[in-house]
Amino acid sequence: MSGSVVSPVLVGRAAETGAVRDAYARARSGAAVTVLVSGEAGIGKSRLVTAALSGLPDDPLVLSGGCLELGADAAPYVPFVAVLRHLVRRLGRDRVDAYLPLDGSALGAWLPGVRPAVPALGRTRLLEEMLTLLGAAAAERPVVVVVEDLHWADASSRELFTYLSRNLGDSRVLLVGTVRTGSLAADHPNRRLLAELGRRAELVRVELGPLSRRQVSELLAAIDGRPGDPERAGAVHRRSGGNPLFVEALSGAAPMSAGDLRDLLLDRIADLPDQARALLSVLAVAGAEVPDDLLAEVAGVTRLRDGLGALVGRDLVVAGADGYRIRHDLIRDAVYDTLLPLDRRHGHARYARALAGRDPDAPALAEHWTAAGEPELALPAAWRASRHVGSAHDERLHLLGLVLDGWSRVADPASLTGTERTAVLEEATFAAFAAGRSADGITYATAALDALDPAAEPDRTARLLGLRGRLAHRLDGSDGPDLHDALALVPPGRSDRLRAELLADAAFVDASTERYARARVHAEESLRLADGYGDPGLRARPLLVLAMLAGAAGDTVRSRRTFAEARQAARTAGDDPTYLTTYQWEALALGEAGEYRLAADLCHDGQRAAERLGMARSRGSMLAVVRAGQLRFLGEWDAAVDVVTDALADGPPPLYAAFLRLVAADVARCRGDADRFEVLLRQLTEFGAHRRDRRDFDPDFAVQRIADATARGELDAADSILTGYLDWPPPYPTDAMRLALAGVRLQRARRAAAPRNRRVAAATADRIAALTRFVDAVEACTATRRAYRATFDVLAGHGDLAAADRAADAWRALHNPHELATVLADGAGIALATNNRPGARTRLDEARRIASALGARPLLARVDEMLARARLSPAAEPPATPGFGLTARELDVLRVLARGRSNAQIAAELFVTGNTVATHVARILTKLGVATRTEAAAFAHRAGLLD
């Protein structure tokens, strides 16, 4: 395939690499083995073989050759001529000559000057000589023979490969062939070769499938030389289908233009039979999986029968449970783009006519009429479909968007749809709310409100105002006038059902913005009205707020009981957003009570429910935020990052994405992963710059900025950040505690940096007093808040060693290892100040064990520094950890670096560029806390990283 590029790293192929290496181990012991590595073009077959054969024991003799794309029309034995000439270069002509018959050689024509060629010698003699030659070479050292692109092998090469596979016997030879799936027609002779080889017990089949979303993210990170972005990785994974070649092309790092990529994709279908190509165009127009019967009607039975086998056989089309689809979106797009505009419209029209007789409410019908340029047919089809998609909120919103886009393109849209434009805008507002697309919802609500007269339609106006208020709050945490205005339009006694809904909306926003007293008033009035109607749908949301308030007050039993009641009411009423929010808010209440594991499991249940209800991207992503936060507190950092990564890949709403990144940033900072933290901090800063009301987002963001600046010694900058928050009313109680704790640690760092400066001493004392007042405004009525408060009091100078131990015990009871280890180090500092060296050593030893297990390098460095300064004894060598934050690729680089290799040598061995190696080496030095390559190698040996 011309224009192809090779991925710079091998990602996600550990099992496949191991299979090839295991086959070599068997061959090395005296039992020849054949390996077939198969997969579609660009999947990384050659790269896998190269990586698997590097660094093998006993320094095997690796001989390779490749088949030509000319296939059966090529000169015979092309790959084996290359193998034999490679053998001569490695062993020398004299040694090869010694292995061949004295009376002449059937291989002489391949190697002029070795032995005279004897034309009369038959094909059998040639096969035997090749077998003898490889066997003789293998008697001295193991031999690996690699034949690339067997799908293009000529008849003679097929025969020789099969002969060697059957007859190498106990020779120490590993025979490897690579074969591209999807390139052979059903009657191609090379299919017989593969079938024949497949009957051998000694054959090892290694089939390379597409990369997962996580592996695509890892590959993109390696290509870019910076931490991966889960959202980008998710998009590239969907477009590429997990094919590494396509991933690299889409990354922008490959030396390939958009036109080259298109040509590369179209090259895969260039030699298809006419019927197959025509059918592929029909599938490209469909844009999605097509049922058998629909495809037969649109394409024609003959075209379907004649073309489908070729497309499936070449892995261009996948047969699913309900029909057929093109395997890669990129191929679909490339084929679609080759169609003339007229052919596209006609193709879409054929699908539309076929669907209209089968399923007139199908969403695809509206899509096809739209693409066919038939707005009079598309508009009513989109409106009908929007009424029948159930909980597929994103799809409903899209269909309503089609209706609104086409409204001005037809003469009488109201007659075609049977409704007015304002009603469509209302429907779109509610769909946007359910789909988590708050900005779109605000746009639709505003357009609808502009068309309404509040005096003539107060209830309709109030309902839209209430929803727009909820959307604005969800978008940026703001508490605008919409809900107040909505309630004013519905006074008590006029439309009490609607008033109950609006009061519940107001209570929800009040609770989310810490206006707890007002939230309770609104929730209780809403519940009183709802009870009068006996409607569970009206009861669900006020119960949700009252459950949250009970949890915030530390009444866990009452909170859980009320959450269960709210969840059941929401489920009965079919109120999916409230139903899912019960999981989220109950988990937050459990986290406040210190029940982190229970909270994480509850969020996981909620995420599964969100997936089932079609709200994974919206409500599911916020459940992921809470779940990841609980896992972070438990010290299960890898699991927390996995939850964040998966949720970000779904493209959640901006606010939810920001909260997810806050969790990931906290983990990266605690691990000392400066590169990842820097990327996340930049993304969070960009998000924060566009928010109107940032009270729910900024406190935790400020914690990250203050802690990072403190760690880097930028104390004035950190204090400047802190200043902006001391005059705020306390945000969420636990966020207030975390912010105060970061602030008091900053003041201690400022004082330690200038121990004799009276001005600094006075300033830090004032700051600590202000922070104390800040914390005093928060009621420490939950286990988590009490642990934060106990820690704050110790650091603010309000406690002794016993108080520090009580704070440590509080975190120990909560199973929060990082906070525990941090407070243990704080307590060790107090012990050292009173010359209690044994007490300091005991606390530092425990802190060190925890920090090492977590891979918390900044905390580990702090503990080691305290041990060294106190001269308690040389710090113990760190136990083996999950890699000190090193990625798998960085560990690979470190292991080669430890052998004394230069960057260029590392690049050659790992098949990466020199610049990539330099980037990895710089990160390794930073993560290990060393200054030189020699120190990194020594550290790696001591820590067991080279095992």
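Here the structure is a predicted model, which is why all the values come from computation and not from measurement.
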Any side-chain heavy atom of Leu739 sitting closer than 4.5 Å to one from Phe774?
yes
Would you tell me whether Gln568 and Thr572 have side-chain atoms, one donor and one acceptor, within less than 3.5 Å of each other?
yes
Please determine, by modelled atom types, if Thr784 and Tyr596 share a side-chain donor-acceptor pair under 3.5 angstrom.
yes
Start with the C-alpha distance between Leu814 and Phe633, add both sets of side-chain angles, then the distance that settles side chain to side chain contact (heavy atoms under 4.5 Å, CB included), and finish with yes or no.
CA-CA 9 Å; Leu814 294 175; Phe633 294 147; over 6 Å; no
Which is it for Leu860 and Ser852 under the side chain to side chain contact (heavy atoms under 4.5 Å, CB included) test, yes or no, and what are the steps along the way?
CA-CA 7 Å; Leu860 186 63; Ser852 296; 3.4 Å; yes
Evaluate the ring planes of His473 and Phe508, with Trp represented by its six-membered ring, and classify them as parallel (under 30°), tilted (30 to 60°) or perpendicular (over 60°).
perpendicular
Quick check: are there more than 12 heavy atoms from other residues, nucleotides or ligands sitting under 6.0 Å from CZ of Arg558?
no
Test side chain to side chain contact (heavy atoms under 4.5 Å, CB included) applied to Arg437 and Leu397, step by step
CA-CA 9 Å; Arg437 298 187 181 276; Leu397 181 62; 3.4 Å; yes
Kindly give the heavy-atom pair with the smallest separation between Thr710 and Ala718, and that separation in Å.
OG1-CB, 3.8 Å
Pair His818 and Trp811, ring centroids less than 6.0 Å apart:
no
Can the positive tip of Arg705 be found less than 6.0 Å from the middle of the six-membered ring of Phe701, inside 45° of the ring normal?
yes
Does the distance from a Lys or Arg side-chain N to an Asp or Glu carboxylate O, for Asp826 and Arg745, drop under 4.0 Å?
yes
Sort out for me which residue in Arg661, Arg671, Arg632 forms a salt bridge (Lys or Arg N to Asp or Glu O under 4.0 Å) with Asp666.
Arg632
Checking salt bridge (Lys or Arg N to Asp or Glu O under 4.0 Å) between Glu565 and each of Arg560, Arg539, Arg571, which is the one that passes?
Arg539
With side chain to side chain contact (heavy atoms under 4.5 Å, CB included) as the test, would you mind laying out the steps for Val545 and Trp585 before giving the verdict?
CA-CA 9 Å; Val545 173; Trp585 282 15; 4.3 Å; yes
Please step through salt bridge (charged side-chain N to carboxylate O under 4.0 Å, His left out) for the pair Arg214 and Asp642, ending with a clear verdict.
CA-CA 9 Å; Arg214 194 176 306 280; Asp642 286 346; 3.1 Å; yes
